[in-house]
Structure formats: C-alpha cells, structure tokens
Amino acid sequence: MSTLHLFDSLTGELKPFEPLHAPKVGMYVCGPTVYSDVHLGNTRTFLSFDLLFRYLMHLGYQVRYVRNITDAGHLESDADSGEDKIAKKARLEQLEPMEIVQRYTVGFRSVMQAYNALPPSIEPTATGHIVEQIELIKKLLAEGFAYEANGSVYFSIETYLKTYPYGELSGRSIDDLEAGTRELDGQDDKRHPLDFALWKKAAPEHLMRWPSPWGAGFPGWHLECSAMSTKYLGEEFDIHGGGMDLKFPHHECEIAQNKGATGQGGARYWLHANMLTLNGKRMAKSTGNTLDPRDLLTGNSPHLTKAYSPGAVRFFIHQAHYRSVLDFSDSALQAAEKGYYRLLTSLEVLRARAAQGPARGTWSVADWNAQCSEAMNQDLNSPVLIAQLFEAAKAVTLDQKDPQVLGTEGAAELLHSMETWLFSVLGLSPESHSGNAKYQQALDAAMSVVLDVRRKARETKDWTTSDALREALSRGGIVVQDGPEGSSYRVE
RNA sequence: GGUCUCGUGGCCGAGAGGUUAGGCAAGGCUCUGCAAAAGCUUGUACAGCGGUUCGAAUCCGCUCGAGACCUCCA
C-alpha cells in the first residue's frame with residue numbers, strides 16, 4: 001500500500017503528503033480574475049485542483065478548500081499610470097466595475113458547475129478583504145519589509161533578502177531577475193526594480209478605490225492571496241495551488257509577503273498545474289487564442305467539429321497528467337470521447353449483470369483497486385488511473401462470457417469501485433446520452449413504429465425498403481443498428 | 001538576451017537504466033442480408049549525434065526543434 005505523494009514545486013521533489021492537522025487539510029488555490037470569461041485553459045487548472053480536492057476527500061480527509069475570486073482588479077502594468085483591468089473594462093462597457101465582477105463571477109461558477117467541479121469550501125473575494133489586506137501591509141511596514149512612497153506602499157526586496165532568500169520557488173537568482181528587468185515609466189517611487197506594490201495610490205479617474213492610512217487607493221496584485229489564505233487557513237497550511245504561470249512573480253511574492261509578515265511561507269506544498277495549449281500555443285485571453293468552455297458543449301467554435309459532453313471534456317483533460325502541457329485538438333477530444341463512452345457502456349453492462357457465478361471471481365477487484373490508488377498516490381496520475389479503468393472494462397467483457405471472472409460479489413464490488421473512481425474522484429457525471437425525458441419517450445414511441453415497419457420489410461427480405469429507412473434516419477442523425485435480438489437506435 | 005521545461009509508434013498521452021502503459025485511428029478475424037455496433041487480434045515507438053554502462057527511450061554532453069516564465073494572465 002502506498003501513500004499519497006505530491007510534487008512540491010518549492011523543493012522540486014515528490015514528497016509524501018503529511019497534513020499539519022490530519023484529518024483536516026487546508027488547501028488554497030488562486031482563482032480567476034473576473035474581468036472576462038474563463039477559457040478552457042483556466043478550466044483545466046481548476047479541474048486539476050478539483051481532482052485533488054476530490055481525491056483528498058476520497059482518502060478520508062476533511063478538506064477546507066479556499067479558492068479566491070480576484071475582483072479588485074490588477075494593474076495592467078507596473079507603472080503609476082497603470083489602469084485597473086476591471087475599471088478599464090467597465091469604462092468600455094459603460095458599466096459599474098462591480099457589474100463586471102458580478103457578470104463574470106456568475107459565468108465562472110456556471111462553467112465550473114457545468115464541468116462538475118465541486119464548489120470550494122470558501123470562495124472569498126479580494127474586495128471583501130480590503131481590511132485584512134491593509135492590516136497585512138501595516139504588519140509588513142512594522143516589520144520593516146515595506147515602505148511608503150507618495151501614497152503607495154511597496155515591498156522591499158533588498159530588505160527582505162537580508163533575512164530570507166527570494167526566488168526559491170521559481171528557481172531564479174536575484175542577478176537573473178535584475179538582468180530581466182525592463183525600464184518602465186513611472187517607477188520612480190520604487191527603491192529597487194524588483195520591489196512590488198502592496199498598495200497603489202488611486203488616480204482621480206480610478207474607479208475601484210478604498211480609503212487607507214496612505215490615502216485612497218487599491219491593493220497590490222499579490223496581497224489578497226496572502227491575506228485570505230492566512231485568514232482562513234492559518235499562517236502555515238498544507239497545500240497552495242495555481243496555474244504554472246502564477247509561479248513567478250505571483251507566488252514568489254506571496255511567499256515573501258507571508259514570510260515578511262509572519263515568518264512562515266504559507267503552504268507546505270506548492271502545486272502548479274500546467275498550461276493547456278491550443279494550436280501549440282498557450283491559451284490566453286490577451287492573444288485571442290482561446291476556447292470558451294461553454295462552446296465545447298455547443299460545438300460552436302471554429303476549432304470544433306461537433307459538440308461534446310462535459311464528461312468527455314473532463315475525461316480528455318484528466319487523460320493527461322496535470323503537470324504536463326496538454327495540447328487541445330478536436331480529434332484528440334473525439335478520441336477521448338469514444339473511450340469515455342466505452343467505459344460508460346461497460347458500466348451499464350456491469351449494472352445489468354445477472355447474479356451468477358461464484359461469490360468471488362478469478363479477477364481480483366482488490367488488486368485492481370490497489371493499482372488505481374497507487375496511480376493516484378503518485379502525484380495524481382489520472383492517466384494511469386484511466387488506463388486501469390480500461391483494464392476493468394476488459395474484465396467486464398471477459399466476465400460476460402464467463403461469470404467465473406468476476407463472480408457475484410466481485411462484480412458488485414467492481415461496479416461500486418468503478419463508479420467511485422469515475423464519478424467521485426475523476427468528477428465525471430453519470431450522464432445519459434439522451435436529453436429531456438419527455439422528448440426521449442416521444443422519440444422512443446415514434447422509433448418503435450419506424451423500426452417495426454423496417455422489421456417487417458427485413459422479414460420479407462425487402463432490403464431496398466429496409467436500407468432506405470436506415471439511410472433516411474441516418475441523415476436525420478439517428479443511427480440504426482441491427483443485432484441478433486432486433487434493431488436498436490441511437491442519436492448522434 | 002536570461003531562467004526553465006519538453007521532444008515517445010498515424011494521433012493523443014503515461015512510464016522509465018533491462019520487464020505489455022492506456023485511449024483513438026489503421027490492418028486482419030468473428031458476428032452479419034448489407035451496414036453498424038461489439039468482441040478477438042496485429043503493429044514494436046521513444047528528435048539527432050556522441051558518452052557512461054554488461055545493458056539507455058530512461059543518466060551525462062552537444063545539436064536541432066517546440067513551449068513556458070522573465071510583464072496582468074490558470
């Protein structure tokens with residue numbers, strides 16, 4: 001029996017997972033900035049952490065999962081003239097900033113729900129924690145890690161370096177970082193180019209603003225996560241997750257803020273989910289190389305040939321390891337969908353299995369389950385878990401011919417286990433291929449009439465009529481299949 | 001320019017110093033009026049060039065290629 005190991009970005013190692021206060025686990029994940037629709041890349045990250053959340057609960061942990069909503073807006077640039085992203089969008093659309101926030105927050109939640117991601121335990125907003133952020137700045141000022149300049153407050157990297165290292169998470173040296181520093185306008189207030197803002201003075205036209213001891217302004221980019229993770233999970237907690245692109249500077253700064261204020265770096269395990277690429281390039285709102293997760297469900301995108309179910313998309317995502325770059329393509333998604341439906345069919349076969357054969361079969365469900373756990377324990381290796389599910393499907397097929405394979409109790413256990421892995425852990429939903437029950441009933445009724453006519457034609461070997469009917473139905477998206485026990489149909 | 005990651009069979013994607021990943025597609029077979037579906041089965045891959053080793057796709061070096069970060073971004 002193995003135990004859960006997670007890859008910690010800070011040490012670059014696979015570490016055995018030992019919670020600080022088992023069976024409680026604290027987990028913080030950087031959520032979306034709600035100034036536009038989430039794209040499929042964002043979705044992948046959140047589904048990766050949903051998988052972790054689910055697996056931790058599967059292991060019996062009581063997880064407090066905190067995922068923030070960034071609604072205070074980030075600067076567009078580091079310059080003093082920088083404009084709040086949310087405020088900018090608001091001006092463009094002639095809306096209140098909080099209207100933008102509300103619209104995209106609702107959109108984000110509906111996408112997460114559509115893809116069967118469990119809601120986090122707490123979903124705190126940055127604007128709801130201005131007080132905590134101001135308190136954190138006060139603490140950093142008191143500790144000497146921050147300084148005020150012209151109504152703004154900055155974190156001092158030089159001071160910080162006297163006590164702590166900086167750049168550990170991203171593996172960067174100060175020299176490297178300085179080499180990469182660019183000249184930006186309006187940075188006069190900063191003492192050092194690597195310093196970052198904790199509080200920014202708001203320009204008169206800036207819409208999102210709050211009073212503070214340093215005047216009207218708004219919080220810096222990295223502050224909210226430090227403030228909210230500390231508030232809800234403590235100065236030291238178990239897991240912090242986010243997208244790979246947040247590693248630097250966001251998480252690096254977060255660690256510095258935490259250590260500066262509390263002496264603790266925050267999380268003990270830093271997890272980073274890798275990017276989803278489209279056409280070999282990173283999906284990003286700013287470049288337009290994006291795919292809306294909702295479009296996958298309608299098929300309404302130039303990148304798609306058809307609509308997919310949320311389960312098929314999730315299956316596709318979990319067929320790659322969360323730390324690998326995954327390249328999206330319609331054909332890859334189709335391949336995943338076919339495999340996924342095969343597994344669901346196998347599950348239906350297992351559900352319908354007659355109680356026959358011995359109690360235990362020759363195929364060990366316990367061994368199989370152990371292998372599934374082993375896969376997930378290796379840093380959430382969902383691709384291997386899925387490969388195991390196909391092994392189970394193979395056993396189900398063998399069992400159909402020979403009930404000695406699974407046996408009565410074995411089959412029941414396998415069914416329960418497969419459902420657990422597929423639905424509870426991988427977060428796939430037990431979907432029906434059909435839609436609305438009322439229309440399904442009506443269609444069944446109509447089809448039984450048509451198939452009956454066709455059956456009569458076939459009995460008299462009137463292949464012309466029978467094939468014409470099948471052809472016509474096929475054009476309408478109904479596939480008819482003839483089997484030994486008659487004909488069946490499915491909608492494609 | 002700096003830091004780093006990756007390059008696996010037709011495609012997607014695990015693994016990893018010697019042992020079958022898995023899925024999809026493709027070929028063959030079974031079934032079948034035909035078709036479909038389903039089942040069985042086949043393929044022997046790890047960018048290139050060197051090196052270490054009894055043995056490397058897996059370790060080291062170089063080359064080529066791709067990507068990420070260095071600037072808000074999951």
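Just so you know, these numbers use all the heavy atoms, side chains as well, and skip hydrogens, waters and symmetry mates. Each chain gets a letter, A, B and so on, in the order its sequence line appears, and its residues count up from 1.
With a cut-off of 3.5 Å on both Watson-Crick or G-U wobble distances, the partner of B/rC59 is given as B/rG51. Across every strand in view, B/rG22 sits in a pair with B/rC12 that passes the Watson-Crick or G-U test at under 3.5 angstrom. Across every strand in view, B/rG7 sits in a pair with B/rC64 that passes the Watson-Crick or G-U test at under 3.5 angstrom. Remark: B/rC34 base-pairs with no nucleotide; criterion is Watson-Crick or G-U wobble with both hydrogen-bond distances under 3.5 Å. Base pairing annotation: B/rC29 forms a Watson-Crick or G-U wobble pair with B/rG39, both donor-acceptor distances under 3.5 Å. Searching all strands for a Watson-Crick or G-U wobble partner of B/rG1 with both distances below 3.5 Å returns B/rC70. Checking B/rU44 for Watson-Crick or G-U wobble geometry (two distances, each under 3.5 Å) identifies no partner in any strand.
The side chain of A/Val384 has B/rA21 as its nearest neighbour among B/rG22, B/rA21, B/rA74. Closest contact between the side chain of A/Met283 and the listed nucleotides B/rG13, B/rA74, B/rA21 involves B/rA74. The listed nucleotides are B/rG13, B/rG23, B/rA74; the one nearest the side chain of A/Leu246 is B/rA74. Each of B/rC70, B/rG23, B/rA14 was ranked by its minimum atom distance to the side chain of A/Phe248; first place goes to B/rC70. Considering only the side chain of A/Ala335, B/rG23 comes nearest among B/rA14, B/rA74, B/rG23. When each of B/rA74, B/rA21, B/rC12 is scored by its nearest atom to the side-chain atoms of A/Ala332, the top-ranked nucleotide is B/rC12.
Residue contacts for A/Glu391: at a heavy-atom cut-off of 4.0 Å it reaches the sugar-phosphate backbone alone, with no base atom in range. Base engagement by A/Gly41 is indicated by at least one non-hydrogen atom pair under 4.0 Å involving a base atom. A/His272 comes within 4.0 angstrom of nothing in the nucleic acid, heavy atoms only. Here A/Ala320 lies in heavy-atom contact (under 4.0 Å) with sugar-phosphate atoms only. At a threshold of 4.0 angstrom between heavy atoms, the contacts of A/Leu276 include nucleobase atoms, whether or not backbone atoms are also involved.
For the P atom pair drawn from B/rU44 and B/rG10, the interatomic distance equals 12 Å after rounding to whole Å. With C1' as the reference atom, B/rU52 and B/rC60 are 7 Å apart, rounded to whole Å. Here, B/rG7 and B/rC12 have their P atoms 13 Å apart, quoted to the whole Å. Spacing of C1' atoms, B/rC62 relative to B/rA68, comes out at 23 Å, to the nearest Å. Between B/rG23 and B/rA45, the distance separating the two C1' atoms is 16 Å to the nearest Å. Look at the C1' atom in both B/rC73 and B/rA36: the space between them is 47 Å, to the nearest Å. Separation of the P atoms belonging to B/rU20 and B/rG43 is 13 Å when rounded to the nearest angstrom. Straight-line distance between the C1' atoms of B/rC31 and B/rG39: roughly 9 Å, to the nearest whole Å.
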**Request:** Heavy atoms under 4.0 Å is the rule here; annotate nucleotides 25-42 of chain B 5' to 3' with B where the base is hit, S where only the sugar-phosphate is, and - elsewhere.
**Result:** S-------BBBBS-S---

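Atom CG in A/Asp330 sits roughly 13 Å away from atom C1' in B/rC24 (whole-Å rounding). Atom P of nucleotide B/rU71 and atom NE2 of A/His222 are separated by 10 Å, given to the nearest angstrom. One can place OH of A/Tyr35 at 11 Å from C1' of B/rA74, the figure rounded to the nearest angstrom. The interatomic distance linking A/Asp327 (CG) with B/rU8 (P) rounds to 12 Å, in whole Å. Remark: P of B/rG22 and CG of A/Leu343 are 14 Å apart, rounded to the nearest angstrom. B/rA68 atom P lies 14 Å from atom CG of A/Leu326, rounded to whole Å. Put simply, CZ on A/Phe316 is 10 Å from C1' on B/rG13, counting in whole angstrom units. Per the geometry, OH belonging to A/Tyr104 stands 18 Å off C1' belonging to B/rA74, to the nearest Å.
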Let me have the donor-acceptor pairs involving side chains of residues 381-389 of chain A, under 3.5 Å, with sequence neighbours excluded, atom names and distances please.
unit_1   : atom_1 : unit_2   : atom_2 : d
A/Asn381 : OD1    : A/Val384 : N      : 3.3
A/Ser382 : OG     : A/His318 : O      : 2.8
A/Gln388 : NE2    : A/Gln371 : OE1    : 3.3

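A perpendicular orientation is assigned to the rings of A/Tyr232 and A/His129, their planes being inclined by more than 60° (bins at 30° and 60°). Note: A/Phe390 and A/Phe315 have perpendicular aromatic rings, judged against thresholds of 30 and 60 degrees for the angle between ring planes. Below 30°, between 30° and 60°, or above 60°: for A/His251 and A/His240 the angle between ring planes is above 60°, a perpendicular geometry.
Take the nearest nucleotide of RNA chain B for A/Arg172 and for A/Ser329: the residue whose nucleotide is more 5' is A/Ser329. Take the nearest nucleotide of RNA chain B for A/Pro249 and for A/Asp245: the residue whose nucleotide is more 5' is A/Pro249.
Defined by atom type and a distance below 3.5 Å, a donor-acceptor pair is present between the side-chain atoms of A/Asn377 and A/Tyr55. A/Asp189 and A/Ser152 are not linked by any side-chain donor-acceptor pair at a separation below 3.5 angstrom, with hydrogens and angles left out of the test. The closest side-chain donor-acceptor pair between A/Gln404 and A/Thr362, if any, does not fall under 3.5 angstrom.
Between A/Tyr115 and A/Phe46, a ring centre-to-centre spacing not shorter than 6.0 Å is recorded. If you look at A/His192 and A/Tyr160, their ring centroids are not closer than 6.0 Å.
For the ring pair (Phe, Tyr, Trp, His ring centres under 6.0 Å) with A/His222, the lone residue among A/Tyr154, A/Trp199, A/Phe196, A/Phe248 that qualifies is A/Phe196. Checked against A/Phe328 for a side-chain contact (heavy atoms from CB on, under 4.5 Å), the options A/Ile317, A/Thr277, A/Leu296 give a single hit: A/Leu296.
In this structure, A/Ser324 reaches the B/rA14 phosphate: one of its side-chain N or O atoms is under 4.0 Å from OP1 or OP2. Between B/rU5 and A/Asn274, no contact under 4.0 Å exists linking OP1 or OP2 to a side-chain N or O.
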